[in-house]
Amino acid sequence: MPTYITAAEIAACHTKGEKVFACGADAVLTDLAREEADKLGIELIRQGDNKGAGAQPQPASPLQAQAQTQVQASSLKQAKSQSGGIYGVQGFEPPAPLTHKRPFKEVLGSGRKIAGTFIGTPHPVMTEFVGKLGFDFLCIDAEHTPIHLATLQEMLQSMGAVPAYGVVRVPMISYQYMSGALDIGADALLIPQIRTGQDMDIVEQACLYPPQGRRGIGPSRATSYGLEIGKKGQEPNRDTAIIIQIETKEALDNLDAVISRDIVDMVFIGPGDLSMNLGVFGQTGHPIMVEQIGRIQETAGRYGKPIGIFAGNMEAAGNWLDKGFDMVLINSELGLLGEHIAGKMAALRSHM
Ligand code: 3PY
Ligand code: MG
């Protein structure tokens, strides 16, 4: 398991008057830590770099250098065989990324309020662009669009260098889709139409590695194509983040059975389907909706689960946040673009 270096540690180094921060070879710097280091002019040195504090001792002679290389190679091999020795490249430890978002699961559990939007355009340019606009995450929607796994992977890849996390809404509660979306590197899954405890059994089986589930491990993007297999040691399920959607009458009948499950990192209300199921389509302020949304919020709170909801626009999103919601998913990139363009065009018309 890599050690995460935080901005606070960099700041403490600066406070002590130090100019160099030395960290282990597989330490991972959070984005904030890297920004802090840049801002404070702290040089980051990894063990194994041939300079500065934390560097390995330099060999005194060529013979010693050869011996040192042999020791390093054999310890790499040993580490690899200890880490499973399956897939990957024998004897090669991939370098840790220099910048890294902390796992989205941690963000979900941190109490921080977050906002995102759905992405329905099946192209990485859209995720790369919208991912730079200030959202905490984007949710690529494979439920109501024809985006499937190969394109999804390209879209997630486009988000590697943007601040927003990449969540995938899977189209159905299927092993193939859920484990597939995790394999291509989704930071979290949003799973629609959850109705029963049995649905949650399928989610658990598909999303968790044994012994809790049945997810198979392989050389996918999630394991750096095999290079990182075994890196999470005994906790391969540690970063798997699951958000379940409550949006049917049946789910309302089974709230405790569904929400209480350990695998649930967040509960998300789909007011469109929920209102349709309750016979008051589109009326989020209808007393039946107010009552049921309150019930879901209360149940999530009782099990210590954060809660999110879909909002049609920024104003509605602000209202939900004020009502105690932890997450808002605001419309989609096309909806927001449409609202903006249509509004601006209406204003322009007054000059015509
Ligand atoms: C719904 O409102 O039904 C949704 O699924 C929103 O995401
Ligand atoms: Mg829905």
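The figures that follow rest on heavy atoms only: side chains count, while hydrogens, waters and symmetry mates do not. We count ligands from 1, going down the list as the structure has it; atoms in each ligand are counted the same way.
Taking every heavy atom of Asp273 and a limit of under 4.0 angstrom, the matching atoms of ligand 1 come to 1 (C), 2 (O), 3 (O). Near Phe310, meaning under 4.0 Å from one of its heavy atoms, ligand 1 places the atoms 6 (C), 7 (O). Under a 4.0 Å criterion applied to the non-hydrogen atoms of Gly270, ligand 1 contributes the atoms 1 (C), 2 (O), 3 (O), 4 (C). Close contacts of ligand 1 with Glu247, meaning ligand atoms under 4.0 Å from a residue heavy atom, involve 1 (C), 3 (O), 4 (C), 5 (O). Of all the atoms in ligand 1, the ones that sit under 4.0 Å from a non-hydrogen atom of Phe118 are 7 (O).
The existence of a salt bridge linking Lys113 and Asp326 is excluded, since no basic side-chain nitrogen approaches an acidic carboxylate oxygen closer than 4.0 Å.
Counting heavy atoms closer than 4.0 Å to ligand 1, residue Glu143 contributes nothing at all.
Less than 2.8 Å away from the Mg ion (ligand 2), the protein contributes these N/O/S atoms: Glu247 OE1, Asp273 OD2.
A donor-acceptor contact shorter than 3.5 Å is absent between the side chain of Asp141 and the backbone of Ile119. A donor-acceptor contact shorter than 3.5 Å is absent between the side chain of Lys105 and the backbone of Ile242. The closest donor-acceptor contact from the side chain of Ser179 to the backbone of Tyr175 lies under 3.5 Å.
When only interatomic distances are considered, the shortest N/O to N/O separation between Gly272 and ligand 1 falls below 3.5 Å.
Within a 6.0 Å sphere centred on CZ of Arg214, heavy atoms belonging to other residues, nucleotides or ligands number 12 at most. Heavy-atom neighbours of Gln176 CD from other residues, nucleotides or ligands within 6.0 Å: at or below the threshold of 12.
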Please determine whether side chain to side chain contact (heavy atoms under 4.5 Å, CB included) holds for the pair Phe118 and Arg169, giving the CA-CA distance in whole Å, both sets of side-chain angles, and the decisive distance to 0.1 Å.
CA-CA 9 Å; Phe118 278 115; Arg169 175 155 76 176; 3.5 Å; yes
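Take Phe325 and apply the ring pair (Phe, Tyr, Trp, His ring centres under 6.0 Å) test, not counting sequence neighbours, and it matches Trp320.
For the pair Asp253 and Arg195, the minimum side-chain heavy-atom distance is 4.5 Å or more. Residues Ile243 and Ile191 fail the side-chain proximity criterion, which asks for heavy atoms closer than 4.5 Å.
The closest approach between a heavy atom of Pro271 and any atom of ligand 1 is below 4.0 Å.
Ranking protein heavy atoms by distance to atom 7 (O) of ligand 1, first place goes to Arg169 NH1, 3.1 Å.
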